[in-house]
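Positions are given from 1 along the sequence.
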Amino acid sequence: MIKENLIQQAFEVATERYAVIGVDVHKALESLGKISLSLHCWQADDVVGFENRGGSLTGGIQVTGDYPGRARTIDELRMDLLKAKSYIAGKHRFSLHAIYGDFQGEKVDRDEIEPRHFESWIQWARTNGLKLDFNSTSFSHLKSGNLTLANPDDTIRDFWIEHTKRCRWISDEIGKAQEDPCMMNLWIHDGSKEVPASRLRYRQILERSLDEIFSTEYRWMKDCIEAKLFGIGLESYTVGSYDFYLGYGVSRKKIVTLDTGHFHLTESVADKVSALLLFTPEIMLHVSRPIRWDSDHVVILNDDVLDLAREIVRCDALDRVHIGLDYFDATINRIGAYVIGSRATQKAFLLALLEPTALLRQYEEEGRYFERLALQEEAKSLPWGAVWDMYCLQNGVPVGEDYIAEIEKYESDITSRRK
């Protein structure tokens, strides 16, 4: 365990060092404390949910690994999330998929879900100082197939339209109960393994479906629309592509969700932030880590996440960007996966907040590009780790690697006994 006096000493040195380049460390920590992450329910149970229907995961997505101890019930999932939360500084949110309702053994199809199925979640979140976000669930259902909201079959399409309408209704009730808007994310897997005879046809159908879904105005929820590059088995064509949702979001004033795993690996998601902020009201992020494809690895502190955080801070857009996590790794301890990804994301934003932005902008305005690049490079080795340690200490969460042993004990005592 790292001694408190050593953390304090290192922090004081870091504070003085950052002051030399015009950075107020205390202000950076204050700003970091206001950033809420939306933790995703599906990391805890491998995207199974509680519909009591069984079946395999479909819709062009998959979870790899069979590490023991996944949450099997709503109580286990809640317990695991609170355990993970105890190692993550700050106040955060929890993002639910529609299949995670508290159905109490009742057979409820997707077009029948109601706010009452999520009332216990609302109470649980209130008790534990969390706010809730929501997601419609179009995958892993007998009517999913390759097409849902873009399906030419009226019966199937209307089923998914009704499901998504109900998700917006539920989201509004959640937002009303917590007196804070619930972010409702809409993502569908619709696509084709080969190129269809007409790409336009399915996008026209999706456009009409979305217009019908969004025809009801709500006060306590915000609509987010999420694109994807491709799904497994649906590699050649995705109806809800980034270009489609960008056009739809701009024309209908909807929030576009940027999932960091849903683009070509050489694309810069950070570069999209400033463009979107000009034309859409807000941005929703799903922070993930793709390896070769949208493989949803646990988020780590890499260049992609750092660039994304820096761009948001440089745009002074923390109040317009909502930050959610979206990965599901079943190869390692699932509570540990939550903690690693959450703390890595927070570290990226801390580094962004500690950037000497004022001085960098001054160099740029004066055409001193050598100085700008040199300072950007030197800032990478400044003692930001000491600031991070103090942030953890101030928030009563383990400093450094101290959480590892505690999660191992939770696994030994709790999750390893789940069959």
**Q.** Residues Arg166, Glu162: salt bridge by 4.0 Å N-O rule
**A.** yes
Q.
Taking atom CD as the centre, does Glu4 end up with more than 12 heavy-atom neighbours from other residues, nucleotides or ligands that are less than 6.0 angstrom away?
A. no
Q) Between Arg157 and Asp153, is there a salt bridge with N-O shorter than 4.0 Å? A) no
(Q) Using ring-ring contact (aromatic ring centres under 6.0 Å, His included), reason through Tyr100 and Trp121 one step at a time and then give a plain yes or no. (A) CA-CA 9 Å; Tyr100 287 79; Trp121 277 113; 7.6 Å; no
Q. Which heavy atom of Ser342 sits nearest a heavy atom of Leu39, and at what distance?
A. OG-CD2, 3.3 Å
Q) Okay, side chain of Thr238, backbone of Ser241: is any donor-acceptor separation there less than 3.5 Å? A) no
Q: Report, as yes or no, whether the 6.0 Å neighbourhood of atom CG on Asp316 holds more than 12 heavy atoms from other residues, nucleotides or ligands.
A: no
Q.
Can you confirm if the NZ or CZ of Lys254 lies within 45° of the ring axis of Phe214 and under 6.0 Å from the centre of its six-membered ring?
A. yes
Q) Hey, are the side chains of Gln8 and Leu393 touching, using non-hydrogen atoms and a 4.5 Å cut-off? A) no
Q: State plainly whether the residues Asp307 and Arg310 are in salt-bridge range, i.e. N to O under 4.0 Å.
A: yes
Q | Residues forming a ring pair (Phe, Tyr, Trp, His ring centres under 6.0 Å) with Tyr403, sequence neighbours excluded | A | none
**Q.** Counterpart residues, ring pair (Phe, Tyr, Trp, His ring centres under 6.0 Å), relative to Tyr202 (two or more places apart)
**A.** none
Q: Please list, chain by chain and in numerical order, all residues satisfying ring pair (Phe, Tyr, Trp, His ring centres under 6.0 Å) with Tyr87, sequence neighbours excluded.
A: none
Q. Are any of the side-chain heavy atoms of Asp329 and Asp296 separated by less than 4.5 Å?
A. no
Q | Matching residue for His26 among Phe11, Tyr18, Tyr391 - test: ring-ring contact (aromatic ring centres under 6.0 Å, His included) | A | Phe11
Q | Test salt bridge (Lys or Arg N to Asp or Glu O under 4.0 Å) applied to Lys228 and Asp294, step by step | A | CA-CA 9 Å; Lys228 188 165 185 174; Asp294 179 30; 3.3 Å; yes
Q) Taking side chain as C-beta onward, heavy atoms only, is Thr216 less than 4.5 Å from Arg168? A) yes
Q | Residues in side chain to side chain donor-acceptor pair (under 3.5 Å) contact with Arg126, at least two apart in sequence or another chain | A | Gln123
(Q) Using ring centroids (six-membered ring only for Trp), state whether Tyr327 and His286 fall under 6.0 Å. (A) no
(Q) Is a donor from one side chain sitting under 3.5 angstrom from an acceptor on the other, for Asp109 and His163? (A) no
Q.
For Lys272, is there an ion pair with Glu267 - N to carboxylate O distance below 4.0 angstrom?
A. yes
(Q) For a 4.5 angstrom cut-off between non-hydrogen side-chain atoms, does Tyr218 reach Asp223? (A) no
Q.
Between Glu30 and Lys27 (salt bridge meaning N to carboxylate O under 4.0 Å), is one present in this structure?
A. no
(Q) Does the plane of the ring in Tyr242 sit parallel, tilted or perpendicular to the ring in Phe263? Use 30° and 60° as the thresholds. (A) perpendicular
Q: Please tell me if the side chains of Leu210 and Phe244 come closer than 4.5 Å, counting only heavy atoms from C-beta onward.
A: yes
**Q.** N-O pairing of Arg252 and Glu207 below 4.0 Å
**A.** yes
Q: Could you walk me through whether Glu106 and Arg116 pass salt bridge (Lys or Arg N to Asp or Glu O under 4.0 Å), step by step?
A: CA-CA 12 Å; Glu106 178 186 358; Arg116 64 185 176 89; 3.4 Å; yes
Q. Given the rule in the side-chain contact (heavy atoms from CB on, under 4.5 Å) test, do Ile170 and Phe134 qualify, once you have shown the distances and angles that lead to the verdict?
A. CA-CA 8 Å; Ile170 292 165; Phe134 204 70; 3.9 Å; yes
Q. Does some side-chain heavy atom of Asp304 sit less than 4.5 Å from a side-chain heavy atom of Val269?
A. no
Q) Salt-bridged, Glu406 to Lys409, with N to O below 4.0 Å? A) no
Q. His117 vs Phe103 aromatic rings, parallel, tilted or perpendicular, using cut-offs 30° and 60°?
A. tilted
Q) Any sub-3.5 Å donor-acceptor pair from Ser120's side-chain atoms to Asp102's backbone N or O? A) no
Q: Determine, for Glu364 against Arg372, whether the closest basic-nitrogen to carboxylate-oxygen distance falls under 4.0 angstrom.
A: yes
Q: Would you please name every residue forming a ring pair (Phe, Tyr, Trp, His ring centres under 6.0 Å) with Tyr245, sequence neighbours left out?
A: none
(Q) If we ignore hydrogens and angles and just use 3.5 Å, is the side chain of Asp172 paired with the main-chain N or O of Trp220 as donor and acceptor? (A) yes
Q. Can you tell me if Ser268 uses its side chain to pair, donor with acceptor, with the backbone of Asp271 under 3.5 Å?
A. yes
Q: Look at the rings of His40 and Tyr338 and say which category their plane angle falls in: under 30° parallel, 30 to 60° tilted, over 60° perpendicular.
A: perpendicular
Q) Would you say Arg93 and Asp180 make side-chain contact, with heavy atoms under 4.5 Å? A) yes
Q) Excluding sequence neighbours, so at least two apart, what forms side chain to side chain contact (heavy atoms under 4.5 Å, CB included) with Ser86? A) Lys83
(Q) For Asp413, I'd like to know if atom CG has over 12 heavy atoms of other residues, nucleotides or ligands within 6.0 Å. (A) yes
Q.
Do the side chains of Asp80 and Arg334 get close enough for a salt bridge, i.e. N-O under 4.0 angstrom?
A. no
Q: Indicate the ring-plane relationship of Phe139 and Trp187, choosing parallel, tilted or perpendicular according to the 30° and 60° boundaries.
A: tilted
**Q.** Validation row: Tyr248, Val256 side chains within 4.5 angstrom (heavy atoms)
**A.** no
Q | Closest non-hydrogen atom pair between Gln178 and Leu132, with its separation | A | OE1-N, 2.8 Å
(Q) Under a plain distance cut-off of 3.5 Å, with no hydrogens placed, do Ser288 and Asp326 share a side-chain donor-acceptor pair? (A) no
